[in-house]
Amino acid sequence: MPTRVCCCCSALRPRYKRLVDNIFPEDPKDGLVKADMEKLTFYAVSAPEKLDRIGSYLAERLSRDVVRHRSGYVLIAMEALDQLLMACHSQSIKPFVESFLHMVAKLLESGEPKLQVLGTNSFVKFANIEEDTPSYHRRYDFFVSRFSAMCHSCDSDPETRTEIRIAGIRGIQGVVRKTVNDELRATIWEPQHMDKIVPSLLFNMQKIEEVDSRIGPPPSPSAADKEENPAMLAENCFRELLGRATFGNMNNAVRPVFAHLDHHRLWDPNEFAVHCFKVIMYSIQAQYSHHVIQEILGHLDARKKDSPRVRAGIIQVLLEAVAIAAKGSIGPTVLEVFNTLLKHLRLSVEFEARDLQGESISSANLNTSSKDSDEKIVQNAVIQTIGFFGSNLPDYQRSEIMMFIMGKVPVFGTSTHTLDISQLGDLGTRRIQIMLLRSLLMVTSGYKAKTIVTALPGSFLDPLLSPSLMEDYELRQLVLEVMHNLMDRHDNRAKLRGIRIIPDVADLKIKREKICRQDTSFMKKNGQQLYRHIYLGCKEEDNVQKNYELLYTSLALITIELANEEVVIDLIRLAIALQDSAIINEDNLSMFHRCGIMALVAAYLNFVSQMIAVPAFCQHVSKVIEIRTMEAPYFLPEHIFRDKCMLPKSLEKHDKNLYFLTNKIAESLGGSGYSVERLSVPYVPQVTDEDRLSRRKSIVDTVSIQVDILPNSSPSDDVVSNTEEITFEALKKAIDTSGMEEQEKEKRRLVIERFQKAPFEEIAAQCESKANFLHDRLAQILELTIRNEAHDRGREKLQVPPKERTSAYSYIDFGVETGLCIMWHSKGAIDRNCASEIFFSIAVSFIFST
């Protein structure tokens, strides 16, 4: 009877339960009963409304088997679930999914690795099923957390640990595939999920990086290796995740990378950080590259007080990101990148300057030197990043960046730069100047402009040439190298490297084109400025061999790229002026520098004579070089720049055959049709305010005149005591011209010839320099007069009447102005000496008539 009752109860059970029970064999080792499984599948497809009940019942049985550790029946249940998922259509699968996910969650919560892997595999199969409509109430928070935890498995058995980590990565990959395709279901991109997913993937990627660093570069993996290797699987999942990121959620996917690298201190060394961001930059859509760059810049700002090596690691990562982004869309971050980098360059120099100022004891000195070298690593990384980024920009953007960097270069005495250097001091300012010019050198590398006006506009040329007058040979070298990058439009600089006497210039195969109208106009407008900076640069006391080599290259490039007949004549005049300055030595240069200038002139005249191919000119230059080789080898670059070169004691006793003669050059060029009238006019450089602003001695600064208007007054403490007393006899002697008529006639003839043949720009420069000179001396006289007046006010007796004292300046001022007016309106009829005579005559006449 009881058996009959049980049969009756079993017959009364719902059909779906009976079909589900039938798929389980008595012995779990026999596996799923296939015939009964086919009946259950047919029933589920025929009656899809029963799927939710089938799923609930299967979940109930699976939960009971998991608790009782019946692993065999668990495997059968999951196999049945997988077959039902694959058999049912997407429209009818939704009621069944909740039960399915509940069963997967039960497996993942179990402590057995096999069940966790089983649940992960089922979830991956479910993730590959495409649903027609998304289910907005369904959330995957639990699965994200659980799969992320599996990625960090620390099981004692290596094989089990690897198996669990692979399952976790594949589970994350399934979650990503299931969620990112639905635009309205954006929960996966929320920060709380990305903060779990991204570090889990990076953790597994990092492990293979550590192994690779020990065993060398790995071979190219096969498809099977990718599935069995956690690092490669994690990298593929990371790439897939980033490839699906959009504009709105890009930052949420990138920021956890910084947190992971910071937490694990992976910026120093930064091989893994570089690898991560290479993966990011190549995986995201090109139009979103600037988002990543902005995030790196923001993180660099946030870590600006960290150690130099950490900052250098971040900057190197930025370099790799910029290198990839520069090939595609960079977006609006170009100036932001350079502005941030220059700011950190200034901070690095400031830190370095503070460390140098704070060193006191020997142990601190050791730490400081180590930190200084680290700061130099930061600075070099910044410069390399700036240069690489700039060199990959289009020409129009590169021109803007060149102007932007040049505007940051500080020049002493000016406030035109936009970089804050208040905390740097002189040493720090010099360091930042060098860093910025090195950055500019990197940006200009490879820049090719069709016209020189495009490469060197006036707004860029003027600030660029200002550092070329500073008393720092390294700064002058950088300025010249930047100019070479911009001038050399036909890649001839490598052929001109090194200063030497070239036997045959034709062997260099110099590339050149006909000078266009724009280049001719540029030289008419800026030629004198270029000549002036080359002339003054040759006369610097701290020049080394590299300075002379770069100056020679500058002259050669101007000859190749910008020289017509008029420019050639000007360059020859410049070379002869340099030779004369070395012989006369008004600047008190050392013998090495004087011979260096002579060698530079010889190398350039040898080059230009062969470039213009005038036989007589080439013959004269070759003859002088030949004589120098025999009698004065120290006048040639091959000898003077050699170690332990014997130098002469003086240059005054040398034969004139050792020098390049103006009359011989003029005669040789005149026979070939050159206009050589201007060769007889000595070159005089233009004097501007740059000499004062750049802290170098200008031409007019070498002369100092101090006049004491009040001979009986006692000077104050701040007045120089060695003043020259002006008497009537001294003035009379100064204006006495007896016995000098012939010399004055010759001077007047030369002045008239100069004003007739010299370029207008040079005449204007000379007049301007003389006017500035006289006004400076007049200001000194006025200052002395005012000081003496202030001193005499406190005395009871005045030895000079006030009217005479106060009127002296007026007389001298009137005399100066009258002399200048006569000199200006005479159109060159009188020279400086004549104007000086007029000045003293008028001053004396007014003083003594009073």
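Bear in mind that the values here come from a model prediction, so they are computed numbers and not experimental data.
Side-chain contact between Arg431 and Gln379: present, with at least one pair of heavy atoms (C-beta onward) separated by less than 4.5 Å. Met483 places none of its side-chain heavy atoms less than 4.5 Å from the side chain of Ser554. Looking at heavy atoms from C-beta onward, Leu342 lies out of side-chain contact with Arg346 at the 4.5 angstrom threshold. The closest side-chain heavy-atom distance from Ile401 to Leu335 is below 4.5 Å. Within the 4.5 Å cutoff, no side-chain heavy atoms of Arg309 are placed close to those of Asn270.
Looking at residues two or more places apart in sequence or on another chain, you find a ring pair (Phe, Tyr, Trp, His ring centres under 6.0 Å) between Tyr683 and Tyr535. Qualifying salt bridge (Lys or Arg N to Asp or Glu O under 4.0 Å) partners for Glu549, counting only residues two or more places apart in sequence or in other chains: none. Every residue two or more places apart in sequence or in another chain was checked for a ring pair (Phe, Tyr, Trp, His ring centres under 6.0 Å) with Phe460, and none qualifies. Applying the salt bridge (Lys or Arg N to Asp or Glu O under 4.0 Å) rule to Asp542 yields the partners Arg476; only residues at least two apart in sequence or on another chain are considered. With sequence neighbours left out, Gln384 forms a side chain to side chain contact (heavy atoms under 4.5 Å, CB included) with Leu319. For the side chain to side chain donor-acceptor pair (under 3.5 Å) test, no residue two or more places apart in sequence or in another chain qualifies with Asn564. Looking at residues two or more places apart in sequence or on another chain, you find no side chain to side chain contact (heavy atoms under 4.5 Å, CB included) involving Lys525. Listed by chain and residue number, Asp570 satisfy the salt bridge (Lys or Arg N to Asp or Glu O under 4.0 Å) test with Arg678 (two or more places apart in sequence, or in another chain). With sequence neighbours left out, Phe660 forms a ring pair (Phe, Tyr, Trp, His ring centres under 6.0 Å) with no residue at all.
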Identify every side-chain donor-acceptor pair in residues 617-625 under 3.5 Å, counting partners at least two apart or on other chains, and give the distances.
| residue | atom | partner | partner atom | Å |
| --- | --- | --- | --- | --- |
| His620 | NE2 | Leu661 | N | 3.3 |
| Ser622 | OG | Cys618 | O | 2.8 |

List the atom pairs, donor and acceptor, that lie under 3.5 Å between side-chain atoms in residues 608-616 and the rest of the protein, sequence neighbours left out.
| residue | atom | partner | partner atom | Å |
| --- | --- | --- | --- | --- |
| Ser609 | OG | Leu605 | O | 2.9 |
| Ser609 | OG | Asn606 | O | 2.9 |
| Gln610 | OE1 | Val505 | N | 2.9 |
| Gln610 | NE2 | Ile502 | O | 2.9 |
| Gln610 | NE2 | Asn606 | OD1 | 3.2 |

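Taken from CG in Leu461 to CE in Met406, the straight-line distance is 10.0 Å, to the nearest 0.5 Å. To the nearest 0.5 Å, the span separating CD on Gln579 from OG1 on Thr662 amounts to 7.5 Å. To the nearest 0.5 Å, the span separating NZ on Lys656 from CD1 on Ile583 amounts to 12.5 Å. Interatomic distance, OG of Ser399 versus CG of Leu393, reported as 10.5 Å (0.5 Å rounding). How far OG of Ser590 is from CG of Asn543: 9.5 Å, rounded to the nearest 0.5 Å. Atom CG of Asp462 and atom CD of Gln529 lie 4.5 Å apart (nearest 0.5 Å).
The salt bridge (Lys or Arg N to Asp or Glu O under 4.0 Å) test with Asp491 singles out one residue from Lys509, Lys511, Lys448, Arg512, and that residue is Lys448. A salt bridge (Lys or Arg N to Asp or Glu O under 4.0 Å) with Glu481 holds for exactly one of Arg438, Lys546, Arg497; it is Lys546.
Heavy atoms only, all atoms of each residue included: Gln316 and Ala381 are closest at CG-CB, 4.2 Å. Nearest heavy-atom pair, Met402 versus Val443, reported as atom, atom and distance to 0.1 Å: CG-CG1, 3.9 Å. When every heavy atom of Cys645 is checked against every heavy atom of Ile640, the shortest pair comes out as SG-CA, 3.8 Å. Closest non-hydrogen pair, Leu475 versus Gln433, comes out as CD1-OE1, 3.3 Å. Contact detail for Cys538 and Leu578: the closest heavy-atom pair is CB-CD2, 3.6 Å. For the residue pair Gln477 and Asn547, the shortest heavy atom distance occurs at NE2-OD1, 2.9 Å.
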Original post:
For Met598 and Arg628, what are the C-alpha separation, side-chain angles and deciding distance, and is it a side-chain contact (heavy atoms from CB on, under 4.5 Å)?
Top reply: CA-CA 11 Å; Met598 299 291 284; Arg628 288 186 177 185; 3.5 Å; yes

**OP:** Run the numbers on Glu566 and Lys524 for salt bridge (Lys or Arg N to Asp or Glu O under 4.0 Å), then give the verdict.
**Re:** CA-CA 9 Å; Glu566 182 178 352; Lys524 287 183 178 180; 5.2 Å; no

Original post:
Which is it for Val378 and Asp374 under the side-chain contact (heavy atoms from CB on, under 4.5 Å) test, yes or no, and what are the steps along the way?
Top reply: CA-CA 7 Å; Val378 176; Asp374 292 343; 6.0 Å; no

**OP:** Determine, stepwise, if the pair Phe635 / Ile627 fulfils side-chain contact (heavy atoms from CB on, under 4.5 Å).
**Re:** CA-CA 10 Å; Phe635 284 168; Ile627 297 175; over 6 Å; no

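Applying the side chain to side chain donor-acceptor pair (under 3.5 Å) rule to pairs touching residues 629-642 yields Tyr634-His654, sequence neighbours excluded.
A donor-acceptor contact closer than 3.5 angstrom links the side chains of Arg493 and Asn485. Remark: the Ser668 side chain and the Tyr674 side chain contain no N/O donor-acceptor pair separated by less than 3.5 Å. Of the N and O atoms on the side chains of His490 and Glu561, at least one donor lies less than 3.5 Å from an acceptor on the other residue.
Other residues, nucleotides and ligands contribute more than 12 heavy atoms inside 6.0 Å of the CZ atom of Phe592. Other residues, nucleotides and ligands place no more than 12 heavy atoms under 6.0 Å from the NZ atom of Lys664.
Salt bridge annotation for Arg311-Glu375: present, with a cationic side-chain nitrogen under 4.0 angstrom from a carboxylate oxygen.
Residues Phe338 and Phe404 keep their aromatic ring centres 6.0 Å or farther apart.
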